[in-house]
Amino acid sequence: MALLEVKDLSFTYGEKTAFEKKAVRNISLSIEKGEFIGIIGHTGSGKSTFIQMLNGLIKPSGGQVLLEGKDIWSEPKKIRNVRFKVGMVFQYPEYQLFEETVEKDIAFGPQNMKLGAEEVAKRVKDAAAFVDLKPELLKKSPFELSGGEKRRAAIAGVIAMDPEILILDEPAAGLDPKGRDVLMTQIATYHKAKGNTVLLVSHSMEDISKVADKILVMNKGDMYAFDTPKAIFSKGEEIEKIGLQIPQITKIMIGLAKSGFDVPTDIYSVEQAVMEIMKLRKSTSDILLKAPEGGAGA
Amino acid sequence: MMKEITLGQYIPGKSVLHKMDPRMKVILLVLFIVFIFASRNFVSLGIMAAAVFFVLCISGVSPRLYFKSIEAIIMIVIITSGLNLFYGTGEPLWEWRFLKITQAGINTALFIAIRITALVLISSVLTYTTSPTDLTDALERLMKPLSKLHVQVHEIAMMMTIALRFIPTLLEETDKIMSAQKARGADLESGNFIARIKSLVPILIPLFVSAFRRAFELAMAMESRCYHGGEGRTRMKVLKLSKRDYIALAVCSAVFTGVIVCSIVLPVTVRTGM
Ligand SMILES: Nc1ncnc2c1ncn2[C@@H]1O[C@H](COP(=O)(O)OP(=O)(O)O)[C@@H](O)[C@H]1O
Ligand SMILES: [Mg+2]
């Protein structure tokens, strides 16, 4: 049984008003335990709406969300338990900080779970370590931290609940390139260490393709594709047609293939690309070596 | 949940009312209110109610929204009419202890119900068909003479514009913060009174922090674009009265004249301040 299964899920904002907007349309997919899923799509393609249905923050207009085989809305009174199992880090999560100290803010989630004081303290410490927040920062007011530190403190607040599924909505938005790389590495490390399921929404194909086992591509509320990065990028040009950037290296490979070189186009990492191009060099140099021979024979 | 606050919300559209000059709309609204209050018999009130109904019909706004604005004030209507039901003088039609209902009481109750409903509907027409910026623009222009009395009309209008501009932003932000805290297991729906007040802290603090941040950013942005108040400031969109505004004025004047004539000629049926 899949850990999380989504059946024919739809959501419409402002139903039966002048502002009616179908944000998500008939999405069906299933996610196994331990998978790292990347979600990608244009602004307004319904990514945020889709993930908010996964932990019951908004109720689907149609379809079902099954967590461990059970419809999360089968007992609306217990929806809070679903939110503890499916942790959600919103876009710009630093705006949710409110406590006197960073420590207390991270503890907000675990305390709502009614855990013991010792367990809460342990989780705060672990979560802070995962996002690399220095212990001396924990006693500070969250409003004194730098932008990147605030972001990491807010993410720690969700990690501290130790969710089975962690969902992050564009966690790197607005960070500088270095902060972005660091955060992505931390998320990947967290995923490896915990073996949890992670869903990561991102604008950047480069970021996602490096870490994801599978990628969900959304286009105007529809599921455009849900597959491995390799399969997705083998259709690189189609993906570009719906207005999404593909990794630079994939673009190069497509360009090479177009100009007649025999290279695969489903490449999305520099290492793979180097290997393919090396192979190519070898075979071309073979040809080059052979050519004079043939010429001499003629 | 936040989306359900409709009273005073602009509904974009292309009707005649949407295209009218907002100043004319404000003036006519004031006159409508005056004449609805001035009506003292059912015929004049009937004319006004019919006029309001006609305006609703040409506003191009869904009737459902008008029902919603009525829904918001239905309790007030019931209570005020209900009280007046028992205050009539004359031959009682029904009596129980100290309570009695007379024909006059029924008339007053009905009269008041129609009056309040008409007032609310005609006011919502203005807010449904006029964007907040147009509305404050119109108010600024109409209050201009007050600046002779050292009332800072432009500053007041600017504050209103900014406040109106940020209401949806703050509502959206509240929604987002609530979602984020709910995702961390915040319980906003259960518990006793004290617990519920406490549960608002994680929402209010981020909201205030963000409101102040926005205020500072906006002030900075305005200053970097050399904003220095209203003096010598020209407008991008100059309000101009057009043919349709004069036609609207003429039609309304005819209606108002009818109401005045009826009020003078016909006997007063209802004496009430409300
Ligand atoms: N609270 C809301 N009310 C009305 N429409 C909304 C709301 N949130 C999002 N939408 C609309 O739903 C669509 C999908 O939005 P969203 O899920 O935020 O997309 P994404 O996260 O991919 O940028 C957009 O067209 C957006 O305008
Ligand atoms: Mg989004």
Side-chain angles (χ1 to χ4, degrees), chain A residues 13-21 48-49 51-52 54-58 76-77 79-100 104-115 141-143 150 154 156-161 163 166-169, chain B residues 1-6 9-15 18 59-68 128-129 168-191 195 198-214 216-217:
Chain A
Y13 283 106
E15 229 166 340
K16 299 193 203 100
T17 69
F19 300 102
E20 186 167 293
K21 169 96 202 171
S48 301
T49 309
I51 55 175
Q52 283 180 64
L54 301 185
N55 76 339
L57 279 170
I58 53 181
K77 287 243 165 68
I79 196 72
R80 235 154 56 104
N81 293 342
V82 173
R83 294 183 189 147
F84 294 137
K85 279 189 190 164
V86 185
M88 167 86 73
V89 178
F90 277 84
Q91 205 170 358
Y92 298 107
E94 55 271 29
Y95 295 150
Q96 76 197 32
L97 300 170
F98 72 99
E99 273 286 10
E100 282 163 76
K104 281 191 191 168
D105 203 280
I106 299 178
F108 181 66
Q111 265 161 3
N112 284 330
M113 297 169 81
K114 305 269 183 294
L115 299 173
S141 155
F143 301 106
K150 272 189 203 163
V158 177
I159 288 183
M161 301 195 304
L166 178 67
I167 305 178
L168 302 116
D169 195 352
Chain B
M1 172 188 122
M2 294 291 170
K3 284 162 285 191
E4 276 141 36
I5 305 167
T6 60
Q9 213 178 50
Y10 174 52
I11 309 293
K14 288 200 174 69
S15 75
H18 284 86
S59 70
V61 175
S62 141
R64 226 159 15 83
L65 287 167
Y66 290 121
F67 280 120
K68 265 200 175 160
Y128 281 150
T129 61
T169 312
L170 287 180
L171 283 179
E172 199 177 298
E173 197 127 315
T174 314
D175 242 3
K176 269 193 193 145
I177 295 172
M178 277 170 73
S179 297
Q181 306 300 28
K182 272 198 223 158
R184 293 206 280 166
D187 187 1
L188 306 174
E189 275 115 34
S190 59
K198 264 194 177 159
S199 72
L200 285 180
V201 172
I203 289 153
L204 290 181
I205 289 180
L207 194 60
F208 274 109
V209 169
S210 128
F212 276 106
R213 184 176 43 82
R214 278 181 198 284
F216 288 131
E217 281 172 5

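Lettering of chains follows the sequences in order, A, B, ..., and the numbering in each one begins at 1.
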(request) Using non-hydrogen atoms and a 4.5 Å limit, figure out which bit of A/N81 sits close to chain B: side chain, backbone, both or neither. (result) neither
(message) So does B/R184 get a backbone contact from the side chain of A/N112, meaning a donor-acceptor N/O pair under 3.5 Å?
(response) yes
(message) Given heavy-atom pairs under 4.5 angstrom as the criterion, report whether the side chain, backbone, both or neither of A/M113 touches chain B.
(response) neither
(message) Using 0.5 Å steps for rounding, measure from the CZ atom of A/F143 to the CZ atom of B/R213.
(response) 10.5 Å
(request) Check whether any side-chain heavy atom of A/F98 lies under 4.5 Å from a side-chain heavy atom of B/Q181, and answer yes or no. (result) yes
(request) Drop me the distance from B/K182's NZ to A/L57's CG, to the nearest 0.5 angstrom. (result) 6.5 Å
(message) At a heavy-atom distance under 4.5 Å, which candidate from A/D105, A/V82, A/V158 has the highest pair count against chain B?
(response) A/D105
(message) Taking atom CD as the centre, does A/E100 end up with more than 12 heavy-atom neighbours from other residues, nucleotides or ligands that are less than 6.0 angstrom away?
(response) no
(message) Check this for me: does any side-chain nitrogen of one of B/D187 and A/R83 sit under 4.0 Å from a carboxylate oxygen of the other?
(response) no
(request) Name the region of A/F90, side chain, backbone, both or neither, that has any atom closer than 4.5 Å to a heavy atom of chain B. (result) side chain
(message) For the interface with chain A, which of B/A183, B/S210, B/S62, B/P202 has the highest count of heavy-atom pairs at distances below 4.5 Å?
(response) B/P202
(message) Does A/K150, at its NZ atom, have more than 12 non-hydrogen atoms belonging to other residues, nucleotides or ligands within less than 6.0 Å?
(response) yes
